[in-house]
Enquirer: 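Encoded as structure tokens, here's the structure I'll be asking about.
All ligand and atom numbering here is 1-based and tracks the order in the structure. Only a predicted model underlies this, so the values are computations on that prediction, with no experimental measurement involved. Every heavy atom of this structure was used, including side-chain atoms; hydrogens, water molecules and symmetry mates were not.
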Amino acid sequence: MSPRNQRIVDLNILENNMRTIRAFVRDQTKIMAVVKADGYGHGAVKTAAAALRGGAEMLAVASVSEGKQLREADISAPILVLGAVTEEDAEEGVRQGLIQSVCSSEMVKWCEKAALTLQKQTEVHLKIDTGMGRIGVRNAEERDAVLKELHQSQNVRLSGAYTHFADADGDEKGILYTRKQYEIFLCLTEPIKDGILRHCCNSAAIHRFPEMALDMVRAGISLYGYPPVRTGLPLYPCMTWAAKISYIKELPAGTFISYGRTYCSEKTVRVATVTCGYGDGYHRAAGSRGFVLIHGQRARILGRVCMDQFMIDITGIDDTAVGDEVTLIGQSGEDRITAEDLASWAGTISYEILLSAANRVERIYR
Ligand SMILES: *Cc1c(COP(=O)(O)O)cnc(C)c1O
């Protein structure tokens with residue numbers, strides 16, 4: 001049975017992106033490949049393996065269950081769980097040999113209890129909130145409460161401290177804000193910096209603030225080929241999304257197309273139906289605004305995107321036939337549509353586009 005639409009991941013490109021980042025960041029700085037959310041939709045296990053081949057030293061995931069998935073695939077590299085430890089998951093985290101993130105004395109206690117139960121040593125990184133307002137200790141007092149608990153723990157070792165930037169890809173104010181976050185981070189980690197990994201840079205900061213790299217950087221979106229700020233580095237998207245034409249017809253002027261009759265033809269149009277819809281994760285908001293590629297030419301979306309299908313204008317695009325490939329994201333001939341393009345039509349960011357594929361969309365590797 002032929003798939004209605006597919007996401008195709010090129011792991012060689014991903015590995016090369018990691019090599020490029022590795023070559024850019026100075027040797028003393030480790031690189032952590034962020035493979036949370038199923039490797040930003042590229043497949044966590046395959047992405048992690050490719051990133052490690054490309055020179056990443058560590059991995060990051062969002063939760064213990066994401067870390068467990070990597071361990072079960074025999075990935076032995078150090079893995080940091082970016083989400084705060086939970087009482088329920090602490091033990092599985094220790095069992096899987098994951099590095100968990102702590103930001104309260106209670107969290108340290110959960111890790112210590114789990115380590116005692118399992119008779120196993122465990123590592124944690126201290127999360128510091130310097131201006132993101134998400135998780136982390138916010139000042140010296142909160143930091144010291146965690147450190148005190150760590151000091152009393154026999155089986156929990158502090159091996160890192162990190163913070164997350166809120167606006168590293170922002171305008172001038174974002175740059176100032178990031179510098180301020182960095183200063184706060186340096187200040188709060190000064191007394192504990194010996195023997196631990198300090199890290200704060202996400203993709204935007206890796207490119208924009210190389211001087212903030214410290215002991216490790218955390219590369220997410222850039223690894224997948226979508227650096228969020230301008231960079232001279234050759235980083236390329238590694239995911240394409242392709243569907244097919246299922247039907248072609250010519251319609252006279254004055255014909256409505258799709259739900260709500262938001263589009264009405266002004267002259268004769270040649271219309272193709274595409275085998276993808278919002279049920280596959282194609283953003284409905286891209287309806288009437290977005291484009292796809294056929295034989296290297298742009299075709300506009302006509303009217304609203306339906307659950308399983310949408311219509312496009314192929315007037316003037318030669319030699320189109322039922323079964324032809326439709327590029328939703330990727331290169332076709334000389335033209336290319338990126339996840340950023342689709343994001344701009346749908347009013348979102350590339351991250352969300354990469355992650356949007358529904359379960360029924362098959363993912364294959366090249
Ligand atoms: C997701 C995440 C990253 C990666 O961010 P990118 O912008 O994709 O590079 C880094 N650090 C933390 C804490 C994150 O949650």
Enquirer: I need the full list of salt bridge (charged side-chain N to carboxylate O under 4.0 Å, His left out) pairs touching residues 10-29, with sequence neighbours left out, sorted by first then second residue.
Expert: Glu15-Arg19, Glu15-Arg53, Arg22-Glu57

Enquirer: Under the salt bridge (Lys or Arg N to Asp or Glu O under 4.0 Å) test, which residues partner Arg336, sequence neighbours left out?
Expert: none

Enquirer: Taking atom types as modelled and ignoring hydrogens, do the side chains of Thr130 and Thr163 form a donor-acceptor contact shorter than 3.5 angstrom?
Expert: yes

Enquirer: For ligand 1, would you mind listing the residues that have at least one heavy atom less than 4.0 Å away, ordered by chain and number?
Expert: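 Protein residues near ligand 1 are Val34, Lys36, Tyr40, Leu82, Arg134, His164, Asn202, Ser203, Arg218, Gly220, Ile221, Tyr351.
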
Enquirer: Once rounded to the nearest 0.5 Å, what's the spacing between atom CE of Met132 and atom CZ of Phe165?
Expert: 12.0 Å

Enquirer: Counting distance only, does the side-chain N/O of Asn5 pair as donor-acceptor with the main-chain N or O of Trp241 below 3.5 Å?
Expert: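 Flag not set: sc Asn5 to bb Trp241 has no pair under 3.5 Å.
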
Enquirer: Sorted by first residue and then second, give each salt bridge (charged side-chain N to carboxylate O under 4.0 Å, His left out) pair with at least one member in residues 69-79; sequence neighbours left out.
Expert: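 Applying salt bridge (charged side-chain N to carboxylate O under 4.0 Å, His left out) to every pair that reaches into residues 69-79, excluding sequence neighbours, yields Lys68-Glu72.
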
